[in-house]
S.K.: 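Right, I'll just put the structure down here and ask away after.
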Amino acid sequence: MEKVVILGTGPAGYTAAVYAARANLSPVVVEGNQPGGQLTTTTEIENYPGFPEAISGFELMERMKQQAARFGTRFVSGLAAAVDLSRQPFKVTLDSGESFETLTLIVATGASAQYMGIESEQKLMGRGVSACATCDGAFYKNVPVAVVGGGDTAMEEALFLTRFASKVHLIHRRDEFRASKIMADRALGNPKIEVIWNTVVQEVRDVAQNKVTGLQLRNVKTNAVSELAVNGLFLAIGHRPNTKIFKGQLELDERGYIVARNTLTSVEGVFAAGDVQDPDYRQAVTAAGTGCAASLEVERYLERRGE
Ligand code: NDP
């Protein structure tokens with residue numbers, strides 16, 4: 001029987017593990033299908049406190065892992081395929097068939113950015129293709145970039161990118177935005193933002209050079225194909241929290257995020273941290289903060305129960 005099982009290895013999961021391990025709870029961390037989480041797909045991280053010269057996403061996550069391992073965290077590779085939260089101890093079953101019984105569970109399974117699903121987009125991920133302007137925008141000083149999407153995130157990302165880029169092309173598949181009027185008006189009123197309506201990206205150039213040099217676009221009304229020179233492509237077509245296995249077991253909001261108050265979920269003994277319960281900030285440092293909080297809540301919970 002485990003005292004605490006942590007699902008996920010982004011900043012929330014690793015931070016939860018550091019705290020739980022230092023509290024002698026011998027945490028088990030299930031690594032998930034992308035060890036290190038979303039940050040491993042970004043290039044440099046300049047906004048994580050303590051790294052004034054920036055650090056690569058991959059290295060930051062490696063360091064967090066080492067820190068958790070140093071205090072006795074046990075890492076298990078694989079993906080949580082099913083959970084039974086209907087009775088205690090909770091049961092977590094991995095895709096390998098291995099299962100764990102645990103007194104408490106910290107869910108830090110994160111969220112995944114949606115992508116368009118084009119092969120060239122996948123190949124140029126982290127080499128000009130990004131799903132996070134806050135993370136990567138500052139690398140595109142005085143060059144043209146494109147944002148895909150028509151929701152509030154796309155408006156926000158496009159506006160943020162105007163601080164750096166020479167031009168922001170906002171590509172949307174319809175002729176009106178889904179975004180709130182105030183955000184849409186702000187984007188439309190910004191002289192650096194140019195909207196390309198009724199258009200989708202067909203191809204990201206240039207896989208051969210291993211960096212983005214432009215886009216092949218298609219107008220969905222006329223089918224006309226055109227080229228657009230840009231150095232960066234930012235996807236803002238939504239995020240999906242990774243909560244499929246908790247449906248019907250934990251309270252989720254209408255977008256699928258876990259409803260959590262101070263990391264406490266609708267099931268006593270189950271805590272949530274990081275992007276899986278945060279549609280608003282989605283930053284490494286806020287995820288790490290809630291990972292810490294979740295572990296402290298686990299400690300309190302176990303203490304109350306005399307475990
Ligand atoms: P949304 O789901 O609101 O918007 C996604 C956008 O991406 C839509 O315009 C959609 O087009 C487009 N899209 C989806 N799939 C594709 C695709 N495959 N190819 C091209 N375009 C695609 O997501 P957001 O992340 O923008 O927002 C999520 C929620 O968070 C919303 O409720 C939003 O209001 C909120 N939010 C609020 C903010 C604020 O208030 N400051 C900031 C950011 C988000 P279409 O419109 O045609 O469906």
Side-chain angles (χ1 to χ4, degrees), residues 37-38 41-42 47 110-125 128-137 145-163 168-190 193-205 212 214-228 230 232-244 252-260 272 274-287:
Q38 288 183 72
T41 64
T42 67
N47 55 7
S112 304
Q114 309 239 54
Y115 289 94
M116 298 178 297
I118 306 169
E119 202 182 318
S120 49
E121 163 200 55
Q122 298 298 321
K123 286 199 171 136
L124 291 165
M125 201 83 76
V129 175
S130 167
C132 179
T134 322
C135 318
D136 299 328
V145 300
V147 174
V148 179
D152 281 330
T153 301
M155 304 303 124
E156 237 179 30
E157 302 267 274
L159 285 161
F160 181 76
L161 287 165
T162 59
R163 299 186 201 176
V168 179
H169 300 275
L170 182 50
I171 301 166
H172 185 38
R173 64 184 176 184
R174 289 190 293 135
D175 59 4
E176 60 177 337
F177 286 138
R178 176 179 295 278
S180 55
K181 188 168 176 345
I182 183 162
M183 294 291 288
D185 284 349
R186 245 179 244 165
L188 289 167
N190 190 302
I193 297 177
E194 191 174 310
V195 184
I196 306 178
W197 301 104
N198 299 311
T199 296
V200 292
V201 176
Q202 283 207 146
E203 199 68 54
V204 188
R205 317 256 189 221
V212 172
L215 306 172
Q216 184 187 64
L217 305 177
R218 181 173 60 85
N219 183 303
V220 293
K221 290 244 158 100
T222 64
N223 264 333
V225 172
S226 60
E227 296 288 332
L228 180 71
V230 290
L233 170 65
F234 290 85
L235 282 319
I237 58 175
H239 277 81
R240 230 189 357 235
N242 299 317
T243 52
K244 208 164 106 193
L252 307 179
D253 73 8
E254 68 285 352
R255 286 182 272 166
Y257 287 88
I258 294 176
V259 176
D275 286 11
V276 75
Q277 50 87 60
D278 171 20
D280 295 323
Y281 304 116
R282 300 197 298 241
Q283 299 299 298
V285 66
T286 50

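One-based numbering, in listed order, for ligands and for the atoms of each.
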S.K.: Hey, is Arg255 touching ligand 1 through its side chain, its backbone, both or neither, going by heavy atoms under 4.0 Å?
M.R.: side chain

S.K.: Where is the nearest protein heavy atom to atom 3 (O) of ligand 1: which residue, which atom, and how far?
M.R.: Arg178 CD, 3.4 Å

S.K.: Nearest heavy atom to atom 20 (C) of ligand 1: which of Arg282, Arg174, Arg173 does it belong to?
M.R.: Arg173

S.K.: Can you list the ligand 1 atoms lying under 4.0 Å from a non-hydrogen atom of Thr153?
M.R.: 24 (P), 25 (O), 26 (O), 27 (O), 43 (C), 44 (C)

S.K.: Would you mind checking which non-hydrogen protein atom is closest to atom 23 (O) of ligand 1, with the distance to 0.1 Å?
M.R.: Gly238 CA, 4.0 Å

S.K.: Taking atom NE2 of His169 and atom CG of Leu233, what is their separation to the nearest 0.5 Å?
M.R.: 11.5 Å

S.K.: What part of Gln114, side chain, backbone, both or neither, has a heavy atom within less than 4.0 angstrom of ligand 1?
M.R.: neither

S.K.: Any heavy atom of His172 closer to ligand 1 than 4.0 angstrom?
M.R.: yes

S.K.: So between Leu235, Ile182, Asp152, whose heavy atom ends up nearest atom 33 (C) of ligand 1?
M.R.: Asp152

S.K.: For atom 41 (N) of ligand 1, what is the closest protein heavy atom, and at what distance to 0.1 Å?
M.R.: Glu156 OE2, 3.0 Å

S.K.: Answer yes or no: does an N/O atom from Tyr115 fall short of 3.5 Å to an N/O atom of ligand 1?
M.R.: no

S.K.: Among all protein non-hydrogen atoms, which one is nearest to atom 21 (N) of ligand 1, and what is the separation to 0.1 Å?
M.R.: Ile237 CG2, 3.5 Å

S.K.: Taking the side chain as every heavy atom from C-beta outward, state whether Thr134 and Glu157 have any atom pair closer than 4.5 Å.
M.R.: yes

S.K.: CE/Met116 to CZ/Arg173 distance, rounded to the nearest 0.5 angstrom?
M.R.: 11.5 Å

S.K.: Sort out for me which residue in Val220, Asp175, Asn219 forms a side-chain contact (heavy atoms from CB on, under 4.5 Å) with Thr199.
M.R.: Asn219

S.K.: Working to the nearest 0.5 Å, report the span between OG1 of Thr153 and CE of Met183.
M.R.: 8.0 Å

S.K.: Would you mind reporting whether Asp136 and Phe234 have side-chain heavy atoms less than 4.5 Å apart?
M.R.: yes

S.K.: Can you tell me how far the CD atom of Gln283 sits from the SG atom of Cys132, to the nearest 0.5 Å?
M.R.: 6.0 Å

S.K.: Which label fits His172 and Trp197: parallel for a plane angle under 30°, tilted from 30 to 60°, or perpendicular past 60°?
M.R.: perpendicular

S.K.: Counting both backbone and side chain atoms, is some N or O of Gly150 under 3.5 Å from an N or O of ligand 1?
M.R.: yes

